Asks: 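Got a structure for you, questions after.
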Amino acid sequence: MTAVREAPARTEPGPPARTRRLGAAARWARRAPLLPALIFTIVVTQLPFVATLVISLMRWNSLDPANRGFAGLDNYAAVFTDPDLRGAIGVTVLLTATVVLVSLALGLGLALLLDRGFAGRGVVRTMLIAPFLVVPVAAALLWKHALYNPEYGLLNGVLTWLFGADAPQPEWISGMPLLAVEAALVWQWTPFMMLILLAGLQSRPQDAVEAARIDGATSWQVFRHLTLPHLRQYLELGALLGSIYVVQNFDAVFTITSGGLGTANLPYTIYQTFYQAHDYGRASAAGVVVVVGSIVIATFALRVVSSLLREEVRG
């Protein structure tokens with residue numbers, strides 16, 4: 001038997017060198033206008049972070065300039081072992097979780113109401129969005145002076161109007177400081193959650209809802225078995241995005257309580273460590289911890305956004 005020799009596979013000739021050079025030049029021509037923005041972003045965001053990372057590894061306190069040098073991971077160990085910093089981490093977690101969860105619950109309720117048709121819905125929606133558009137410092141000042149003030153604040157004024165001159169006049173900030181900060185943040189972040197969940201409700205397949213109602217499903221059954229599963233990723237997205245911003249909140253704590261009465265979160269403690277204790281190394285280490293935590297949360301948020309976009313494309 002004679003062996004059958006296979007013909008060598010033919011390979012398609014590649015593009016000539018001139019074509020490749022023209023393609024590379026075209027790609028660079030499209031990308032070149034973006035280079036200034038990329039360089040600016042790196043200079044503004046990445047270089048300061050690198051500098052913060054380097055300082056976090058140093059022993060640097062301006063009150064003791066002679067004792068400056070490389071400290072390794074001592075500053076990070078201090079962040080997790082110092083009672084004040086550990087307390088600040090606990091307050092940060094509690095503040096973030098409370099504000100995000102309450103804002104999500106209230107935002108879901110408002111989104112369900114706005115998903116129904118009624119006269120003046122556009123005006124109501126605009127008014128509900130307004131708190132999120134207020135500058136954070138202005139919102140904190142509004143709550144501190146217009147609502148919480150024991151002498152002329154709205155809350156005590158309402159109590160006096162309801163119960164007369166003998167009405168209790170509580171000190172809202174000193175009596176319940178952390179709750180006072182949380183209430184101001186919930187007021188500001190509920191519209192954000194409402195917008196995300198309202199967008200999710202309006203993307204809900206109406207044919208499934210109508211079929212369920214025809215089959216005799218109650219409103220609670222429709223919400224539990226159709227609406228809530230559809231909103232799961234929108235709830236996750238709202239929780240993740242809200243956590244990214246609330247965990248870094250400084251304005252409300254600084255303005256309402258000045259970090260006193262057990263309300264000092266990690267950003268405020270970093271401010272105190274840097275500007276009052278002048279311990280630049282330890283403050284930088286705490287700042288790196290906040291940034292890393294925010295990056296971890298942002299990574300999950302990006303995954304949720306990507307899954308939502310993939311579902312929209314498939315739909």
Side-chain angles (χ1 to χ4, degrees), residues 91-118 120-149 153-155 158 172-173 176-204 219-220 223-224 227-257 263 265 267-268 294 297-298 300-301 304-305 308:
V91 171
T92 303
V93 173
L94 179 60
L95 180 67
T96 303
T98 303
V99 170
V100 169
L101 292 177
V102 175
S103 298
L104 272 176
L106 295 177
L108 177 60
L110 293 174
L112 290 172
L113 291 176
L114 290 178
D115 192 48
R116 302 172 180 269
F118 58 89
R121 184 173 64 170
V123 177
V124 173
R125 183 182 304 175
T126 303
M127 294 176 64
L128 289 175
I129 295 172
F132 184 65
L133 304 178
V134 179
V135 177
V137 174
L141 288 172
L142 174 68
W143 278 79
K144 181 177 182 179
H145 296 290
L147 277 78
Y148 290 145
N149 191 283
L154 178 63
L155 296 180
V158 170
W172 298 97
I173 295 177
M176 48 191 76
L178 190 58
L179 183 60
V181 176
E182 291 169 348
L185 290 174
V186 165
W187 175 79
Q188 193 162 28
W189 282 97
T190 296
F192 176 78
M193 306 299 183
M194 179 196 71
L195 286 176
I196 293 178
L197 297 177
L198 184 58
L201 284 173
Q202 293 179 348
S203 67
R204 180 181 52 176
S219 298
W220 168 248
F223 173 76
R224 180 182 176 184
T227 303
L228 200 57
H230 175 74
L231 290 179
R232 181 183 63 84
Q233 289 182 311
Y234 294 91
L235 288 166
E236 292 176 356
L237 179 61
L240 290 169
L241 292 178
S243 299
I244 291 172
Y245 289 100
V246 177
V247 77
Q248 304 176 47
N249 180 267
F250 173 81
D251 310 84
V253 174
F254 178 80
T255 305
I256 296 177
T257 63
T263 60
N265 60 349
Y268 186 84
S294 301
I297 299 173
F300 287 103
V304 174
V305 171
L308 284 174

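Being a predicted model, the structure only gives us computed values, none of them experimental.
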Asks: As an exercise, state the distance from CG of L104 to CG of L197, rounded to the nearest 0.5 Å.
Replies: 6.5 Å

Asks: Within this structure, what is the CG-CD1 distance for the pair L133 and I129, rounded to the nearest 0.5 Å?
Replies: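 Between L133 CG and I129 CD1, I get 7.0 Å after rounding to 0.5 Å.
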
Asks: Ignoring hydrogens, what is the shortest heavy-atom contact between R125 and L198? Give both atom names and the distance.
Replies: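 Result for this residue pair: NE-CD2, 3.9 Å.
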
Asks: Yes or no on side chain to side chain contact (heavy atoms under 4.5 Å, CB included) for M194 and L128, after CA distance, side-chain angles and deciding distance?
Replies: CA-CA 9 Å; M194 179 196 71; L128 289 175; 3.9 Å; yes

Asks: Roughly how far, to the nearest 0.5 Å, is the CG atom of D115 from the OG1 atom of T227?
Replies: 8.0 Å

Asks: Please check if the side chain of D251 supplies one atom and the backbone of A140 the other of a donor-acceptor pair under 3.5 Å.
Replies: no

Asks: Counting only heavy atoms not in F132 (residues, nucleotides, ligands), do more than 12 fall under 6.0 Å from its CZ?
Replies: yes

Asks: Do you know the tightest heavy-atom contact between M193 and G242?
Replies: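 Where M193 meets G242 most closely, the heavy atoms are CE-CA, 4.0 Å.
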
Asks: After noting the C-alpha distance and the side-chain angles of L106 and V186, does the key distance pass the side chain to side chain contact (heavy atoms under 4.5 Å, CB included) rule?
Replies: CA-CA 9 Å; L106 295 177; V186 165; 3.8 Å; yes

Asks: For a side chain to side chain contact (heavy atoms under 4.5 Å, CB included) check, start with the C-alpha distance between V181 and N265, then their side-chain angles and the critical distance, and finish with the verdict.
Replies: CA-CA 11 Å; V181 176; N265 60 349; over 6 Å; no

Asks: Could you report the tightest heavy-atom contact between L231 and L108, atom names first, then the distance?
Replies: CD1-CD1, 3.7 Å

Asks: Can you check whether F192 reaches Y245 side chain to side chain, under 4.5 Å on heavy atoms?
Replies: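 Contact flag for F192/Y245 side chains = no.
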
Asks: To the nearest 0.5 Å, what is the distance between OH on Y148 and CH2 on W143?
Replies: 4.5 Å

Asks: Hey, can you tell me if F254 and F250 have their rings parallel, tilted or perpendicular (30° and 60° cut-offs)?
Replies: parallel

Asks: Which atom pair, heavy atoms only, marks the closest approach of G107 to T190?
Replies: N-CG2, 3.7 Å

Asks: Indicate yes or no for a side-chain donor-acceptor contact from Q248 to the backbone of I244 under 3.5 Å, with no hydrogens or angles considered.
Replies: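 It does hold such a pair.
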
Asks: Would you call L95 and L185 a side-chain contact if the rule is heavy atoms closer than 4.5 Å?
Replies: yes

Asks: About how many Å separate CD1 of I196 and CG of L201, when rounded to the nearest 0.5 Å?
Replies: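 It is 12.5 Å, given to the nearest 0.5 Å.
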
Asks: Show, in sequence, the C-alpha distance, side-chain angles and deciding distance for V91 and V253, and conclude whether the side chain to side chain contact (heavy atoms under 4.5 Å, CB included) test is met.
Replies: CA-CA 11 Å; V91 171; V253 174; over 6 Å; no

Asks: Side chains of T257 and Y268: closer than 4.5 Å at any heavy-atom pair?
Replies: no

Asks: From L235 CG over to L228 CG, what is the distance, rounded to the nearest 0.5 angstrom?
Replies: 6.5 Å

